[in-house]
Amino acid sequence: MLSTAAIIGLAPLVTPVHATAHRPSCGRAGTDAAVRSPVEIDRSAACRRAVPGLVIHYPRNVDGEILFQDRAPIGGRPSEHDDIRFVVDDKRARPYITLGGERYDLSNVHFHGHAEHKFAGEPFAPVEAHLVHEKTSGERGYAVLSVLLDQRKDGRPSEHDRLLTSPPALGVSRKVQNIHLWDLLPTGRTTFRYTGSLTTPDEEGTYFQPVNWVVFGQRAKAGREGIRTFRSLWPTGEGNSRQLQSNTPPPNISTH
């Protein structure tokens, strides 16, 4: 199994993940400590500064299963904490990233609708994909690649549609092969980073911190059928998105 790697925002200096000092961010007072996620991102206020180098190590394709995860309350109609997720189950090559030299293995890819993160002055994307990576050593920690999804105008499906279309029943899973992880990412590599929290409660019912968020500035695409199918899993007006969180002080957001 061949693999490829891409370096995004590699910098000679490293910002500690657990930094707690408050300091100005491009003229605005903010914090590097973990805040509540999701947040609204102002592109014009994001700061260019040294951050931990990010390197993506993904094989060309992976196998796994698609699960319609049923979180408490179990059964009934889908709740705001349920989601469609792709869980990698491939012994050939484990997808992972390194962030500041530390390894995070890909745990799952799951979706929220509408999107949870939002760029100031722009509408919410219909769907947001989270590629969740878990730290492999030391204290528990996560790094999440966030990809906002728009509907394709040409009607063609994308790799996201392979995970969104024809989902299994709530609490059920099915096998899927040859998912191209690189095709889940947008072609543009500009990212916005901050330290936040999970947006869905973990097994202990808490929104764990710290989570290293890497939100891509360019949106990816999914077909109309994939987005429609996913959004229809929740009744009209509902979904599985956590609302934008208000944080004081706000997070320092870096762009690269």
Side-chain angles (χ1 to χ4, degrees), residues 15-22 30-41 51-52 54 65-88 95-97 99-100 102-118 124 127-148 170-171 173 191-215 230 233-234 238-254:
T15 302
V17 171
H18 297 286
T20 57
H22 294 183
T31 180
D32 289 330
V35 300
R36 297 185 303 274
S37 298
V39 300
E40 183 174 72
I41 298 171
V51 295
L54 170 65
E65 63 179 13
I66 298 175
L67 168 68
F68 194 170
Q69 180 165 261
D70 190 8
R71 290 178 176 266
I74 303 298
R77 68 181 189 180
S79 75
E80 63 180 303
H81 293 154
D82 299 333
D83 59 52
I84 299 293
R85 60 180 50 209
F86 170 63
V87 180
V88 177
Y96 70 98
I97 66 173
L99 186 65
E102 294 188 286
R103 175 167 171 157
Y104 294 75
D105 281 356
L106 180 64
S107 172
N108 67 81
V109 180
H110 68 265
F111 299 88
H112 295 274
H114 57 66
E116 295 190 313
H117 287 88
K118 180 181 184 296
F124 278 104
V127 176
E128 180 174 347
H130 289 166
L131 289 78
V132 181
H133 303 75
E134 188 165 2
K135 195 176 177 184
T136 58
S137 62
E139 296 181 356
R140 179 185 175 195
Y142 297 92
V144 182
L145 305 185
S146 167
V147 181
L148 306 184
L170 187 63
S173 65
T191 62
F192 295 82
R193 302 196 208 174
Y194 75 98
T195 306
S197 72
L198 295 176
T199 62
T200 302
D202 58 17
E203 293 78 6
E204 288 76 38
T206 62
Y207 293 91
F208 175 83
Q209 299 171 326
V211 174
N212 297 284
W213 282 96
V214 180
V215 182
F230 178 76
L233 297 173
W234 286 266
E238 298 182 13
N240 66 336
S241 300
R242 190 185 193 196
Q243 65 184 14
L244 291 172
Q245 301 295 298
S246 177
N247 295 283
T248 305
N252 287 328
I253 298 178
S254 302

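Throughout, numbering of the chain's residues begins at 1 and tracks the sequence. Bear in mind the structure is a predicted one, so any value in this text is a computation, not a measurement.
With D70 contributing its side chain and G75 its backbone, the two residues share a donor-acceptor pair below 3.5 Å. Remark: side-chain polar atoms of R71 are not paired, donor with acceptor, to backbone N or O of S79 under 3.5 angstrom. Side-chain N or O atoms of R242 include none that pairs as donor or acceptor with a backbone N or O of P38 at under 3.5 Å. N252 places no side-chain N or O within 3.5 Å of a backbone atom of Y194 that could act as its donor or acceptor partner.
Closest heavy-atom contact between I97 and H133: CG2-NE2, 3.6 Å. The shortest heavy-atom contact between P95 and V88 is CD-CG1, 4.1 Å. Pairing each heavy atom of L99 with each of A143, the nearest pair is CD2-CB, 4.3 Å. Between G196 and A34, the shortest heavy-atom contact is O-CB, 3.6 Å. Nearest heavy-atom pair across P251 and V39 is CG-CG1, 4.3 Å.
Take L67 and apply the side-chain contact (heavy atoms from CB on, under 4.5 Å) test, not counting sequence neighbours, and it matches Q69, R85, S173. Under the ring pair (Phe, Tyr, Trp, His ring centres under 6.0 Å) criterion, F111 pairs with H160, not counting sequence neighbours. Partners of E238 according to the salt bridge (Lys or Arg N to Asp or Glu O under 4.0 Å) rule, which considers only residues two or more places apart in sequence or in another chain, are R77. With sequence neighbours excluded, the residues forming a side-chain contact (heavy atoms from CB on, under 4.5 Å) with E40 are K118, A120, L244, listed by chain and number. Listed by chain and number, the residues in a side-chain hydrogen bond (donor to acceptor under 3.5 Å, both in side chains) with T206 are D202 (sequence neighbours excluded). Qualifying side-chain hydrogen bond (donor to acceptor under 3.5 Å, both in side chains) partners for S146, counting only residues two or more places apart in sequence or in other chains: E128. Remark: Y207 engages no residue in a ring pair (Phe, Tyr, Trp, His ring centres under 6.0 Å) (not counting sequence neighbours). Scored by the side-chain contact (heavy atoms from CB on, under 4.5 Å) test, H114 finds F124, R231, S241 as partners (sequence neighbours excluded). For R103, the side-chain hydrogen bond (donor to acceptor under 3.5 Å, both in side chains) partners are D105, not counting sequence neighbours. Residues satisfying the side-chain hydrogen bond (donor to acceptor under 3.5 Å, both in side chains) criterion with Y142, sequence neighbours excluded, are R140. Annotation: side-chain contact (heavy atoms from CB on, under 4.5 Å) contacts of Q243 (sequence neighbours excluded): Q245.
Of the inter-residue distances, the one linking L131 atom CG with Y104 atom OH reads 15.5 Å to the nearest 0.5 angstrom. Atom CG in N240 sits 7.0 Å away from atom OG1 in T200 (nearest 0.5 Å). In this structure, the separation between CG on L145 and CG on L54 is 6.5 Å, given to the nearest 0.5 Å.
In this structure, T199 and W213 have side chains that are in contact, with non-hydrogen atoms separated by less than 4.5 Å. In this structure, Y96 and T136 have side chains that are not in contact, with every pair of non-hydrogen atoms separated by 4.5 Å or more.
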